[in-house]
There are 2 protein chains.
Amino acid sequence: MDELKENQTISTEESIKEAAKVVFLKKGFAGTKTRDIAEQAGENLALINYYFRSKKNLFRLIMNEILEEFMDSILPVFNDPNTSIQMKVEKIAGNYIDLFVRQPDVPLFIMNELGEGSGCLAQSELKIEKMMHSEFHAQISKEYPHIDPEHIIMNVVGMTIFPFIGKAMMNGMQGIDDEMFYRLMDERRKKIPIWIQSILDGPQE
Amino acid sequence: MDELKENQTISTEESIKEAAKVVFLKKGFAGTKTRDIAEQAGENLALINYYFRSKKNLFRLIMNEILEEFMDSILPVFNDPNTSIQMKVEKIAGNYIDLFVRQPDVPLFIMNELGEGSGCLAQSELKIEKMMHSEFHAQISKEYPHIDPEHIIMNVVGMTIFPFIGKAMMNGMQGIDDEMFYRLMDERRKKIPIWIQSILDGPQE
DNA sequence: GTCTATACAAAGATAGAC
DNA sequence: GTCTATCTTTGTATAGAC
């Protein structure tokens with residue numbers, strides 16, 4: 001019955017992963033000490049390396065889980081031929097904003113690990129290629145043949161996630177406090193699809 | 001003549017700064033060891049702390065120089081009441097793209113160091129507030145009172161720099177190689193101002 | 001004021017006992 | 001599987017030569 005016990009208390013491995021998630025999201029990768037994770041989990045320091053080989057590996061594991069969950073929530077809509085371009089944009093912008101409002105550290109997290117220095121996510125299951133060759137891509141090609149679908153995808157993603165990446169910049173700015181920021185983000189949820197439509201339709205003559 | 005020697009060989013302090021710039025840009029803040037910098041400069045390790053107090057301080061110094069130079073090239077146009085909104089957008093998108101094509105590591109760099117973990121740039125002279133309260137901001141408020149200027153600024157900057165941040169993602173993608181990426185970026189240099197105009201004008205009825 | 005050599009502390013990783 | 005003790009790397013500080 002070793003593999004089948006139920007009502008079992010949380011495993012050591014799992015408790016470390018949960019603790020790591022909390023600490024990583026609060027302090028970032030560089031700001032997190034493995035000793036913090038061990039303390040938060042109430043486990044011995046050496047067990048982190050025993051179960052996860054390295055701090056970086058543990059970090060990558062957690063990030064991939066978050067991203068995979070997110071992508072799985074996006075892709076079905078993205079590949080559904082029966083939803084319009086506008087609805088797809090609404091879905092992706094809305095889901096990104098929801099995720100980042102709830103977990104403000106994730107965007108920087110992603111960016112952090114794309115650099116060559118850490119490079120954890122570079123070859124991971126980001127599934128971006130699935131986004132690029134999705135039904136969304138095909139729909140744009142068909143309905144707006146004059147514009148490169150890559151540009152539109154870059155615009156949607158850039159307009160959506162940049163403010164969160166740049167939040168640290170903006171917080172220092174006179175005139176944009178947290179309350180205003182979240183109000184702006186809520187506006188963007190509705191406006192980004194409209195803006196994308198304006199871009200697709202082109203300039204007014 | 002102590003302050004006025006010319007033809008002088010590069011100073012120790014300067015050689016460390018140059019070496020640090022090279023290594024930081026290549027490996028990022030976390031990936032750079034102070035011993036790497038010392039070796040690259042051909043100087044003793046302790047001199048880094050002697051001249052710059054700490055690794056973080058040295059990093060901040062270098063980043064501020066890069067950003068300041070960039071901002072100084074942007075701000076005059078940004079605050080000139082005699083250039084149109086479109087021309088300002090052209091200027092900022094063009095300058096960003098030029099900078100990032102020449103120094104592909106800078107954008108990720110900036111983002112990397114905005115996180116709370118390292119936080120080197122958080123309270124630095126980013127001059128973003130000057131961008132936000134520039135003539136550009138005022139022009140949008142006046143000519144397009146129905147739209148929040150912050151949204152437009154976020155859109156310009158997001159559309160411009162996101163592709164560089166996401167380049168690592170896209171490089172892994174089937175169908176976008178380096179040549180195509182730079183072709184797309186060159187297109188964006190001209191198209192972003194047009195797209196912004198479409199957004200400002202709103203959807204076609 | 002500059003520089004070399006060295007010491008020290010924090011933090012990730014590992015070996016080996018149990 | 002778990003824990004203690006230890007090793008290694010790395011940023012920083014200091015002592016002392018010139």
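Proteins come first, then strands; the chains are lettered A, B, ... in the order of their sequence lines, and each starts at number 1.
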Participant: Would one find a side-chain N or O of Thr34(A) under 4.0 angstrom from OP1 or OP2 of dA11(C)?
Facilitator: no
Participant: CG of Asp36(B) versus C1' of dT12(D): gap in Å, rounded?
Facilitator: 16 Å
Participant: How close or far is atom P of dT9(D) from atom NZ of Lys55(B), stated in whole angstroms?
Facilitator: 16 Å
Participant: Taking CD1 from Ile48(A) and P from dT14(C), how many angstroms apart are they, rounded to a whole number?
Facilitator: 13 Å
Participant: Check this one for me: any side-chain N or O of Asn49(A) less than 4.0 Å away from OP1 or OP2 of dG12(C)?
Facilitator: no
Participant: Look at the rings of Phe24(A) and Phe59(A) and say which category their plane angle falls in: under 30° parallel, 30 to 60° tilted, over 60° perpendicular.
Facilitator: perpendicular
Participant: Would you call Leu200(B) and Glu143(B) a side-chain contact if the rule is heavy atoms closer than 4.5 Å?
Facilitator: no
Participant: What is the distance, rounded to the nearest whole Å, between atom OH of Tyr50(B) and atom C1' of dT4(C)?
Facilitator: 13 Å
Participant: Describe, in one word, how the ring planes of Phe164(B) and Phe100(B) are oriented to each other, choosing from parallel (under 30°), tilted (30 to 60°) and perpendicular (over 60°).
Facilitator: perpendicular
Participant: Heavy atoms only, 4.0 Å cut-off, all strands: where does Arg35(A) land among base, sugar-phosphate and nothing?
Facilitator: base
Participant: Please give, in whole Å, the distance from dG11(D) P to Asn44(B) CG?
Facilitator: 15 Å
Participant: Expressed as a whole number of angstroms, how long is the span from Lys56(A):NZ to dT9(D):P?
Facilitator: 16 Å
Participant: Would you verify whether the NZ or CZ of Lys56(A) falls within 45 degrees of the ring axis of Phe29(A) while also being under 6.0 Å from that six-membered ring's centre?
Facilitator: no
